[in-house]
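Reading through the structure tokens given below for one structure.
Every chain is numbered from 1, with letters handed out A, B, ... down the list of sequences. On a predicted model such as this, the values are computed, not experimentally measured, just so you know.
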Amino acid sequence: MNPRFRSAVLPPAIAVVFSVMLCSIVLAISGANVPRTLGVMVAQVGKDTTAVDIVNSAAVYYLAAVAVAIGFQMNLFNIGVEGQYRVAGIVAAVVGGGIALPPVLHPLLIIVAAMFTGAAWALIPALLKAYRGVHEVISTIMMNAIALGVTAYLLRVDVFGEQRGNNVSTHTIPDSGTVGGFGFGSGGTVFGLLLLSVVVGVGYWMLLNRTRFGFELIASGQSPTAAAAGGINAKRMIVSTMLISGAIAGLISLPEILGRDHQFSLTFTAGYGFTGIAVALLGRNHPGGIAFGALLWAFLDRSGLALDNIGVPREIVTIMQGAIVLSVVVAYEAVRRMDLAAEKAEVGEVVAQ
Amino acid sequence: MRRLRGLLAIPLLLLSLTACVKDDPNAISRIGKGAACTRNSPPAAPPSSSSTTTSAEPVSAPNMRVGLAYDIGGRGDTSFNDLAAAGIDRAKAELGVTDVRELSAAAGESPSAQVARLRGMALEGFNPIVAVGFAYTDGIKQVSKEFPNVKFGLVDSVVEAPNVSSLIFAEEQGSFFAGVMAAYKSRSCHVGFIGGVDIPLIHKFEAGFVQGAKAVAPGIQIERKYLSPAGDTRGFNDPGKGNEATRGQIDAGADVIYHGAGASAKGIFDAAKAGGALGIGCDADQYQQPTLAGVKDIIIGSALKKVDVAVFDFIRAVALGKTADLPKVFDLRNDGVGYSASGGKINDMIPVLEAYKAQIVSGKLTVSQQPTR
Amino acid sequence: MTAAAVVLHRITKAYPGVVANNEVSLKVERGEVHALCGENGAGKSTLMKILYGMVQPDSGEIEVGGSPVDFRTPADAIRAGIGMVHQHFMLADNLTVLENVVLGAEDIAGIGRAARGRLQQLITETGLTVEPTLLAAELGVAERQRVEILKVLYRGAKIIILDEPTAVLVPQEVEELFATIEDMRDSGYTFVFISHKLDEVRAIADRITVLRRGKVVGSVATDKVTNAELAEAMVGSELPSPTLRGGEPGERVVLQLEALSLRSPGDDGTGVPLLDGISLRIRSGEIVGIAGVEGNGQTELVETIMGMRQSTAGRLILGGHDMSGATTRELREAGIGFVPEDRIRHGLLPEQPLWMNRLLGHQTDEALAGGQWLDIDAIKRDTEQLVRDYDVRTPDIEVLAGALSGGNQQKLIIGRELAGEPQLLVAAHPTRGVDVGAQAFLWEQIRQARDAGLGVLLVSADLDELIGLSDTIKVMFCGRILAEADPSTVTPEELGVAMTGAILAASTEDDSTDHLAHAHRYADARGGNRRGGQR
């Protein structure tokens, strides 16, 4: 096997196996039937709309994880993805529900509005970090709290909200602004904006591997000192990276808003920003790795629902997710060290010849 | 700072005094600890003896398979979900129901998980299925269409479909009593309301409370505070924040605190006890709740939202095939909301509360769903 | 005559691509202060890590007190009475001095009264005064160092290795430390003192061993050696292969510095500047060497020219354009190649393949990238070429840069920096820590580029390298250019003397300030800087 491929694939495989084993032990201790439990989870994929739900969730997780991963590339810990996508979500819904445009143009404008809002929300911590040295973890956590307040304000009935029973939502986005899906009959409907995740994935790969900015991003992350000596302006990198991260964070809620909900309401799903951190760690910030991580995470989330039906606590899935992230991090580090040592030995042989 | 606040309070107090006096010349006034509160006399209407009119016709449904989808927290949240659980338990006891599947929502899950949960139960043959909480609205809307032969009960929200019974409540009517109790028991003519999350559902609690308090003492001062903004559901489960907010209200002068904050109640009552204030429970009879046993001595009563009754009535109606007979709104008239006076601290007030109840039931007094400022 | 405290016999330790210690033998007598000198990368640290059991040698023997030992871990060394005080302190801030000392050595005297008594006794005996009940967080740098020494003494050490102990101290603190060391020596302790500061070494050591490129150059009694001889021994005395001068330098001035000054960030203008009015010019085809003992402003000079620090006064004129205040990228684009002093931290991305490293610092080069788009094929082709031309020993260009040996890393860097055909190359210690073969190769490359019209600023601590390569040499001392030398006539000895602050006959300045006093203030300014960073 190609050693580089091996070092990319082996760690997650070890991690998954390890965490399945760990969870099996937990399950066995709690008295559950281990093979049946795992079997039910796997079998669930074929049932009902689970397969489509997994793909839909994974599409959303993917966007969240890429938003986080871009920051990770240069050691920026953008905890603020959570707040960025929330604010972007309501702005997108308000813009989408407030204007009338022809079909293709309408969703495009909504997408641009969401990206712009997400970027704007990330700009504040970016400037604070670059010019005032405020750590982004602190400022983005603050911005998350502010985002909650801002969305609550925008959702007020006297601002952009509209009360429906006990719920409050923005005006419904007209059909011209929504994005249909790919229907699978009783199997469910895959979000049309799954394509958005694909585009972001390809774009992210291109950015990292084919652009100067991507190179500077990686260089700044791996060695700030070498980057400085190489003429890379750290402040500008911080600001640009946070802006891109925020813009992608702005996209997170769009598959759901444009493809299913058609509005932003009190029942808006929170927490994708944090899921994104876990998935980015799982995928080692790699565009392909994140896709794998997002699918795995979505599978666990969705198939985990089936555990209720056989009386196994669903929290086992949370344990499994935590164990996977932790062991992936450990396994990658171990394999990375082994590889570097092996490579040094290989170079040593060449030198000796 | 303290002095400044004192100075500010004087004109306010004067203002409220004059207002009270002007409002009702026949007011009974009473001097409390450093402040005066002018109270209107209670309505003269005699207490009515209205209660549920459901016939006592015995029902048995041992083959019924009931599915129950809780909101976040599930059975054991000592609040809303537990009341639904009590309804199920009663159905087991009285109707002989044996096969019950209870599932609960996870924090931060997406709407499609709710759909999957409801659909899963429907596919397995559970009928009826009860969903607790308005977060299930869209899920019920979708799944009820897919399973037209399954009966769905939806607590706290309305879905217009032939096989869906919307179980909604007149929370403002129950909370009105909390307002009356608070206004009578406040020595400083200053009470407080703490809402869990700043959303329309909780605004109804606030509206009833404020209207009830002002009905008794038009000049009363009312503190209002929501623990988290709309969209952030943590306020329903944050005793720490509840504690802090309550201390703030007590510092501002309030001495009776009512809440609509779910599992944050523990912190609210702890702070009330520590600050020498009184508390009023919400939804369930919180004086009786084991988790609040340590602070029950300051709980003077509770505003009831009888989710248990609604869930039980719904299951019973399904067994009887009479879901169309379920009330549109569970309110005072059909005993869907109410008050409890467990603990005996407000026994003297029961005639007053009953008088207000009669007025509301008769339609002489309408309780608003929108809080007045 | 009693047995020597420590004898190291023919110790060899090789890392991939570099031999850190090559048959090193060393003898430390009981009750002496033995200094181990050498430039960075000479192998001092590796040798001491071997003595302290942190690293196992490939071959060679160690004797302590006359009996052979085999240290697998530092715990073995401690049991044999050897203790090491590292340059970077390892104290837990939230524990008291006593707790820090006792931590991990609870079996000696428990943690209670007996432990306190033992520590107090050590303090009294050695004069390492520090209050045992203070929290480590409340201690100053010198006190922290004393605690570190007490830690090893508490564990029973009689032989104490001090790794660059004065690097973090101000002059007064150095004097105090030295007084303590002398007292302790007189009461029987043995010290191995690692340093590259000649004055200090001569002030404290009884005997000096000089390491250079992993080998022992010599071992002498302190009173039998001069500063200049020491400097020369450290940086080498054998002249490199005869220089092939490719004609006279051209007329075009590529770099002109006019009274360039730099103050440390916290300086309000009253302190001693890190760079004080540096003026020099480099013509095309000319190598200007900068000599000086480390820490006299050479690093600051390089970083200021490269735009990594912003000068506080003066002008920088590159190829006729005033580029004072320009960014690193602007300077690089204007044609400066840069070989940094610390190649791992400043010159490479160790976890990226060679071809990615080729791009570093040249990402705006039109041959490699069109605007934002990288031309991966061109970069890889160019890297292949570079690897061939500069004899970088590697299986392929996908190898991670961190896997290469120091010499090959440096070849890659110099190849990369010369590839853009710059008008000026700023090279700091271009052959430090590089094996002899690679060194000769790198010198040749620099010379060829010079002959082709490149201007070079060469900062080096290796006097042979300076004399062999430079067309003119400037001596830096305390942030100033103190003297100028002609490499065709100057000897390493003369240069060594000049580096200590004495003025050469050929001096261009007849400034007769009191150099010693100035040196102290300068060390304060830099030391304060560093101490700020430590906290």
Contact leader toward chain A among C/Glu303, C/Gln352, C/Glu330, C/Glu333, where contacts are heavy-atom pairs under 4.5 Å: C/Gln352
Can you say whether C/Arg332 sits under 4.5 Å from chain A via the side chain, the backbone, both, or neither, judging by heavy atoms? side chain
Assess whether atom CD of C/Glu421 is packed by more than 12 heavy atoms of other residues, nucleotides or ligands within 6.0 Å. no
Check whether C/Met308 gets within reach of chain A through its side chain, its backbone, both or neither, counting any heavy atom under 4.5 Å. side chain
Restricting to non-hydrogen atoms, name the atom on C/Gly347 and the atom on A/Ala226 that form the minimum distance, rounded to 0.1 Å. N-CB, 4.4 Å
Do C/Gln363 side-chain atoms and A/Glu216 backbone N/O form a donor-acceptor pair below 3.5 Å? no
Let me confirm one number: the CG-OG distance from C/Leu360 to A/Ser223, rounded to the nearest 0.5 Å. 8.0 Å
How many angstroms lie between atom CD of C/Gln372 and atom OG1 of A/Thr211, to the nearest 0.5 angstrom? 5.5 Å
Distance from C/Thr328 atom OG1 to A/Ile232 atom CD1, nearest 0.5 Å? 10.0 Å
Applying side-chain contact (heavy atoms from CB on, under 4.5 Å), run through C/Met356 and A/Ile218 and close with a yes or a no. CA-CA 10 Å; C/Met356 287 276 271; A/Ile218 293 168; 4.2 Å; yes
Only heavy atoms, only distances under 4.5 angstrom. Which residues in residues 373-381 of chain C are near chain A? C/Trp373, C/Leu374, C/Ile376
Stepwise side-chain contact (heavy atoms from CB on, under 4.5 Å) check, A/Phe215 with C/Leu349: CA-CA 11 Å; A/Phe215 172 77; C/Leu349 301 172; 4.2 Å; yes
If you count heavy atoms of other groups shown closer than 6.0 angstrom to CZ of A/Phe213, is the number above 12? yes
Which bit of A/Asn233 is near chain C, if near means a heavy-atom gap under 4.5 Å: side chain, backbone, both or neither? neither
